[in-house]
Amino acid sequence: MKDPVRIAITGAAGQISYSLAFRIASGDMLGKDQPVILQLLEIPPAMDALNGVVMELNDCAFPLVQDIIASDDPNVAFKDADFALLVGARPRGPGMERKDLLEANAAIFSVQGKALNDHASRDVRVLVVGNPANTNALIASCNAPDLDPGQFTAMMRLDHNRALTQLAQKVGKHVTDVESMIVWGNHSATQYPDLAHCKVDGTPALELVERDWYENDFIPTVQQRGAAIIKARGASSAASAASAAIDHMRDWALGSDGIVSMGIPADGSYGIEPGVMYSYPVICKDGKYEIVQGLEIDDFSRERMTATENELREERAAVEHLLG
Ligand code: NAX
């Protein structure tokens with residue numbers, strides 16, 4: 001039996017976590033042979049609800065779960081954490097401007113970054129799901145000076161998975177036939193789902209679909225998918241977001257099957273200068289991710305990659321004073 005790993009989840013009484021915690025507990029993230037200790041964080045008003053979630057987790061009698069810790073203190077929830085999934089965030093309230101939202105979340109993610117810095121495993125892998133995910137990840141990493149910024153990532157995998165399915169359905173193939181999908185930039189409506197390098201069963205995707213469908217249907221559909229789910233379901237994506245978070249962490253820890261999209265610290269690759277958490281095409285291997293280099297970027301792609309970068313720089317500017 002392997003030693004258990006500690007997995008912290010914030011916003012653990014929320015709707016994403018109601019799927020996420022149970023799937024992690026059943027071994028979907030790290031495998032059916034990896035025991036886990038769940039360390040669940042909530043805010044004080046949600047502790048009763050969190051206790052209910054803990055009761056249900058216990059009632060599942062998951063063989064892999066060694067312990068469950070529920071707390072409203074980040075210093076407790078992140079203690080020795082090997083993985084941290086930062087799902088909890090402040091939602092936009094009535095009358096709240098974008099800047100207010102950024103600031104409210106910056107306050108949360110700076111505290112959590114410090115707690116990770118002081119208490120988590122030195123090898124902790126952090127995934128930020130709570131929106132605005134890329135900028136929240138930036139704030140957390142800036143407040144964790146003893147950890148490598150590359151240990152902080154933002155979730156783009158839901159966008160990536162959405163793009164896979166849109167294309168596969170369009171060409172009448174299965175998602176597993178699609179390779180080298182890329183979503184660049186910010187987890188927002190400016191993200192750029194890029195088919196220029198994508199292949200389906202070995203054929204370039206752009207030879208299989210009309211340019212008009214790509215530009216005027218595929219790209220906006222992927223960009224607006226979150227809003228479409230809210231319209232249809234009356235609530236934002238939850239089980240699909242949890243599934244994407246599991247895909248992201250599993251691939252990071254155990255290796256990816258080809259290219260996946262991850263929000264990571266920009267390092268100058270593809271002309272995106274450091275200072276933002278930008279989604280790049282990466283390959284995960286041996287517990288690490290590496291940006292896929294050398295892809296050709298045409299004018300169409302460049303314009304979209306720059307637009308989403310600019311939005312990230314604006315978000316950064318709004319919280320610059322909180323970057324530690
Ligand atoms: P819910 O509102 O259902 O749950 C959020 C939970 O976080 C609540 O229980 C709340 O009490 C808790 N929370 C708030 N502040 C906290 C803090 N400081 N510490 C610990 N817990 C805290 O939201 P849910 O639907 O679960 O979504 C969570 C976040 O994911 C939202 O910010 C949402 O916008 C974001 N999403 C991000 C996605 C992505 O692809 N990156 C997609 C799905 C989702 O929209």
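The analysis underlying the following values was restricted to heavy atoms, covering all of them including side chains, and did not include hydrogens, waters or symmetry mates. Residue numbers start at 1 and run along the sequence shown. Note that ligands are numbered from 1 as they come in the structure, with each ligand's atoms numbered from 1 the same way.
- Here's the thing with S17: none of its N/O atoms is less than 3.5 angstrom from an N/O atom of ligand 1.
- Interface of S236 with ligand 1, defined as ligand atoms under 4.0 Å from a residue heavy atom, comprises 25 (O).
- For atom 2 (O) of ligand 1, the nearest protein heavy atom lies 4.0 Å away or farther.
- Scanning the protein heavy atoms around atom 42 (C) of ligand 1, the nearest turns out to be L158 CD2, 3.7 Å.
- Distances between N or O atoms of V129 and those of ligand 1 include at least one value under 3.5 Å.
- The shortest N or O to N or O distance between N131 and ligand 1 is under 3.5 Å.
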Q.
Between D267 and S269, is the side-chain hydrogen bond (donor to acceptor under 3.5 Å, both in side chains) condition met? List the steps.
A. CA-CA 6 Å; D267 67 348; S269 296; 2.6 Å; yes
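- Ring orientation note: the planes of Y214 and F218 are tilted relative to one another, at an angle of 30° to 60°.
- A pairwise comparison of heavy atoms in E42 and L50 identifies CB-CD2, 3.9 Å as the closest pair.
- Considering backbone and side-chain atoms together, Q15 places an N or O closer than 3.5 Å to an N or O of ligand 1.
- Shown in contact with V87 at under 4.0 Å from a heavy atom are these atoms of ligand 1, numbered in order with element: 28 (C), 29 (C), 30 (O).
- Protein heavy atom at the shortest distance from atom 4 (O) of ligand 1 is G14 CA, 3.2 Å.
- Between atom 14 (C) of ligand 1 and the options A49, A13, A89, the minimum heavy-atom separation is to A89.
- Residue-to-ligand polar distances keep A46 apart from ligand 1: every N/O pair is separated by 3.5 Å or more.
- Close approach to S237 involves these atoms of ligand 1, each under 4.0 Å from a residue heavy atom: 43 (C).
- At distances below 3.5 Å, not a single donor-acceptor pair connects side-chain atoms of D177 with backbone N or O atoms of K173.
- Inclusion of G11 in the set of residues having an N or O under 3.5 Å from an N or O of ligand 1 is warranted.
- Of all atoms in ligand 1, numbered sequentially from 1 with element shown, those under 4.0 Å from a heavy atom of I43 are 11 (O), 15 (N), 16 (C), 17 (C), 18 (N), 19 (N), 22 (C).
- At the top of the distance list for atom 38 (C) of ligand 1, counting protein heavy atoms only, stands H187 NE2, 3.5 Å.
- Residue nearest to atom 44 (C) of ligand 1, selected from L40, L101, V128, I16: I16 (by heavy-atom distance).
- Between D159 and ligand 1, no pair of N/O atoms sits closer than 3.5 Å.
- Using a 4.5 Å cut-off between side-chain heavy atoms of Ile, Leu, Val, Met, Phe, Trp and Tyr, with links allowed through other members, L101 and F109 fall into different hydrophobic clusters.
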**Q.** Steps toward ring-ring contact (aromatic ring centres under 6.0 Å, His included) verdict (W184, Y270)
**A.** CA-CA 10 Å; W184 302 90; Y270 296 100; 5.1 Å; yes
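- Of the protein's non-hydrogen atoms, the one nearest atom 9 (O) of ligand 1 is E42 OE2, 2.5 Å.
- A cation-pi arrangement is absent between R302 and F300, since the terminal nitrogen or guanidinium carbon is not both under 6.0 Å from the aromatic centre and inside a 45° cone about the axis.
- Checked for salt-bridge contact, R157 and D251 meet the test: a charged N lies under 4.0 Å from a carboxylate O.
- Close contacts between ligand 1 and Q112 involve ligand atoms 17 (C), 18 (N), 19 (N) [criterion: under 4.0 Å to a heavy atom].
- Taking a cut-off of under 4.0 Å to the non-hydrogen atoms of M155, the atoms of ligand 1 that pass are 39 (C), 40 (O), 41 (N).
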